[in-house]
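To start, the structure itself, in structure tokens.
Only heavy atoms go into these numbers, but all of them, side chains included; no hydrogens, no water, no symmetry mates. In what follows, residues are counted from 1 in the order of the sequence shown.
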Amino acid sequence: MHSSRLPWVFAVLSALILLGSGCGSALRCPGRGGVAWLELTSPHFVLATDRTPQEAATSLRLFETAYQVLEQLAFESPTHRLPPQIHIALFRKRAEYLELGRPQTAGEFISDVNGMDDEPRIALFGDVYNDTQNVFQHELTHYFIAHSVPNAPLWLHEGMAVFYETLRQQDGVVVFGMPNPRFLTTVLRKRIPLAQLLQADRAAFETDPPRYYGSAWLLVHLLRSGQHRDTASLHSYLTTMANGHSPSYAWNAAFGELGVSRMDTAYRDYLLTTPVHSRTGSFQPTEVAISSSRWMSNSEIHILWAQLRNQHTDQDRRLQQQDLTEALQHDPESPEVRYFMALLARQSDRKQAERLLGEALARRSGDTRYLLALLQLRIDEISAAAPDQRLTLQTECERLIARLKPQTHSATALRLFADYQLALGQVAEGLLLAEQSVATDPRCVQCRVTLATALAGNHQPKESAQQLQIGINLLPHGTPVDLLQQTLQARLRDGKKTP
């Protein structure tokens, strides 16, 4: 049996698992005395939760309603085809959610550090009313913006997310633009100057989140729902950016060369002398069916937690390793656990990653994700390989690509095909594939990094910087932005080594 090849796994963390730390202080799978997890599927979502079956079904239907409202009333025609389903992890308790390593959030889209996951994921906690509903709608708005206006500036990303998080739908009526108590007091007291807000990047937002997020909400509220709203100009601004123009060009086209100064007065005075104006509309959501419902295995639960964890520090990665080791104990033959272990090992121990992928493929030989991960590993090796090894690696990459092309056209696949061309010094071919990967999934952060790399190699530094900034804007709040910058610099250095 294959399990005889895994003594290293149980030797590393066996003592910890026997003490129960494999499930963590708050996160405990059913096999360790924890609550069972349920997976439900609907047209737009796959929900994993430890809430009761009735609560889970209610939550999923409310998520579907929010999706319909945003899709049809706020983002009528996304520029890009949306992925078929969003994966949601809904935790019953705050303490369990915080075990993921996201102490300053109530929920967020998960940024895939490995760059191998095409499936959008949201993690949050609580019931689906009030605060949790706000968090979900905030994150779902980011998702729609990323697909509709992928080059949106940060103030628009965050301002629209805060604006739509208070949206409510009941009895055929939609209300949006309600006061947001999180930021209303702050912006009434001291808001960010308009010119400064329009240019603010992620680092600026992190210096004073309440003022920046509140000011972004205020500007969107002024344009979208204010007494002096400029809906036509806002629509023109969004459409121009969606057609590929820069935010500054789109602003001038929509609001005129004097747009900032003309709007500054209205922005400064907004809400100081007039109340918050909410807007209402008619909307009757379509009732959707829950197509499947099943209990998750212990191993699947631990894999889920590993996918959701932060991966910014060594401690985060150690906890992720514990989740996966525990998952393997519950299902020693699992190819999925080996796949995720390989992704985790890729940066620190390539030989171990290669062995794990080999074992995963031995159990499930045609899995596209496993083949893509193996291709990523081979591309990583090319830049550091000696000349006599490079040809062997290229031959294997070509074989993998030939096998993958008929099977997948995902953003991750196109990105890796681009990375391979760039590793060979074929910048034009790499640039074309990188552009295709971003077009396939505008919210793919690693695709943005690959496109930035290709543009830099094509002597387009300004465009390269723009793509990197878009990638940074797509990162969740609190993510170290220097990770992307370091990745880009490393790829550029590797590119210089390639003949």
Any side-chain heavy-atom pair of I86 and H44 under 4.5 Å = no

ask   = Does the side chain of E435 come within less than 4.5 Å of L431's, by heavy atoms?
value = yes

message = According to ring-ring contact (aromatic ring centres under 6.0 Å, His included), does anything in residues 408-430 pair up with another residue at least two apart or in another chain? List the pairs.
response = none

query = How far does CG of L377 sit from CG of L343, to the nearest 0.5 angstrom?
reply = 10.0 Å

message = Is any side-chain heavy atom of T141 closer than 4.5 Å to one of E165?
response = no

key: Option from H459, Q460, Q467 for which side-chain contact (heavy atoms from CB on, under 4.5 Å) with E463 holds   = Q460

query = For E158 and H142, does a side-chain donor sit closer than 3.5 Å to a side-chain acceptor?
reply = yes

key: Exercise: do S410 and T412 side chains pair donor with acceptor under 3.5 Å   = no

inquiry  = Which heavy atom of P120 sits nearest to which heavy atom of F109, and what is that distance?
reply    = CB-CE2, 3.6 Å

ask   = Checking R369 against Y339: charged group under 6.0 Å from the ring centre and within 45 degrees of the axis?
value = yes

message = If I compare all heavy atoms of P150 with all of R448, which pair ends up nearest, and what's the gap?
response = CB-NH2, 3.1 Å

task = May I ask you to check whether over 12 heavy atoms, not counting those of R94, lie within 6.0 Å of atom CZ?
result = no

From CZ (F91) to CG (D50), nearest 0.5 Å = 7.0 Å

ask   = Can you list the residues that meet the salt bridge (charged side-chain N to carboxylate O under 4.0 Å, His left out) rule with R92, with sequence neighbours excluded?
value = E55

ask   = Could you give the distance from CG (L400) to CG (L374), rounded to the nearest 0.5 Å?
value = 5.0 Å

Straight-line distance of L238 CG to S148 OG, nearest 0.5 Å = 8.5 Å

ask   = Does any N or O in the side chain of T325 come within less than 3.5 Å of the main-chain N or O of Q321, such that one atom is a donor and the other an acceptor?
value = yes

inquiry  = Salt bridge check, E64 against R61: does any charged N sit closer than 4.0 Å to a carboxylate O?
reply    = no

ask   = Roughly how far, to the nearest 0.5 Å, is the CG atom of L356 from the CZ atom of F340?
value = 13.0 Å

key: Considering all heavy atoms, the nearest I301-C29 contact   = CG2-CB, 4.5 Å

inquiry  = Keeping T132 on the side-chain end and F125 on the backbone end, is there a donor-acceptor pair under 3.5 Å?
reply    = yes

query = Where the side chain of D441 meets the backbone of A411, is there a donor-acceptor pair that is under 3.5 Å apart?
reply = no

key: Full working for side-chain contact (heavy atoms from CB on, under 4.5 Å) between R338 and L328   = CA-CA 8 Å; R338 287 167 172 81; L328 196 63; 3.6 Å; yes

task = Report the distance from atom OG1 of T440 to atom CG of L414, rounding to the nearest 0.5 Å.
result = 5.0 Å

key: Polar side chain donor-acceptor pair, Q376 to R415, under 3.5 angstrom   = yes

inquiry  = If I compare all heavy atoms of A146 with all of H157, which pair ends up nearest, and what's the gap?
reply    = N-CE1, 4.1 Å

key: Close side-chain approach of L38 to P53, heavy-atom, < 4.5 Å   = yes

query = Is any NZ, NE, NH1 or NH2 atom of the basic residue among R378 and E381 found under 4.0 Å from an Asp or Glu carboxylate oxygen of the other?
reply = yes

inquiry  = For E99, is there any backbone N or O sitting under 3.5 Å from a side-chain donor or acceptor partner on R309?
reply    = yes

ask   = Is R350 paired with E354 through a side-chain N to carboxylate O contact shorter than 4.0 Å?
value = no

request  = Begin with the C-alpha distance, continue with both residues' side-chain angles, and end with the deciding distance and a verdict on side-chain contact (heavy atoms from CB on, under 4.5 Å) for I472 and D201.
outcome  = CA-CA 9 Å; I472 289 172; D201 58 12; over 6 Å; no

message = Is any side-chain heavy atom of L455 closer than 4.5 Å to one of Q466?
response = no

task = Would you sort out whether I379 and L422 count as a side-chain contact (heavy atoms from CB on, under 4.5 Å), showing the intermediate values?
result = CA-CA 10 Å; I379 294 170; L422 294 174; over 6 Å; no

message = Treating Y212 as the side-chain partner and T207 as the backbone partner, does any N or O pair qualify as donor plus acceptor under 3.5 Å?
response = no

query = Is the number of heavy atoms from other residues, nucleotides or ligands within 6.0 Å of CD (Q199) greater than 12?
reply = no

ask   = Ring centroid separation for F136 and Y67, is it under 6.0 angstrom?
value = no

inquiry  = Walk me through whether I470 and V445 qualify under side-chain contact (heavy atoms from CB on, under 4.5 Å).
reply    = CA-CA 8 Å; I470 292 172; V445 175; over 6 Å; no

ask   = Are P210 and D208 side-chain neighbours, meaning at least one heavy-atom pair lies under 4.5 Å?
value = yes

Side chain N151, main chain H245, donor-acceptor under 3.5 Å = yes

inquiry  = Looking at every non-hydrogen atom in both residues, tell me the closest pair between P335 and A360 and how far apart they are.
reply    = O-CB, 3.6 Å

task = Determine the minimum heavy-atom distance between G126 and L90, stating which atoms define it.
result = O-CD1, 3.3 Å

inquiry  = Pairing donors with acceptors under 3.5 angstrom, does anything connect the side chains of Q315 and R318?
reply    = yes

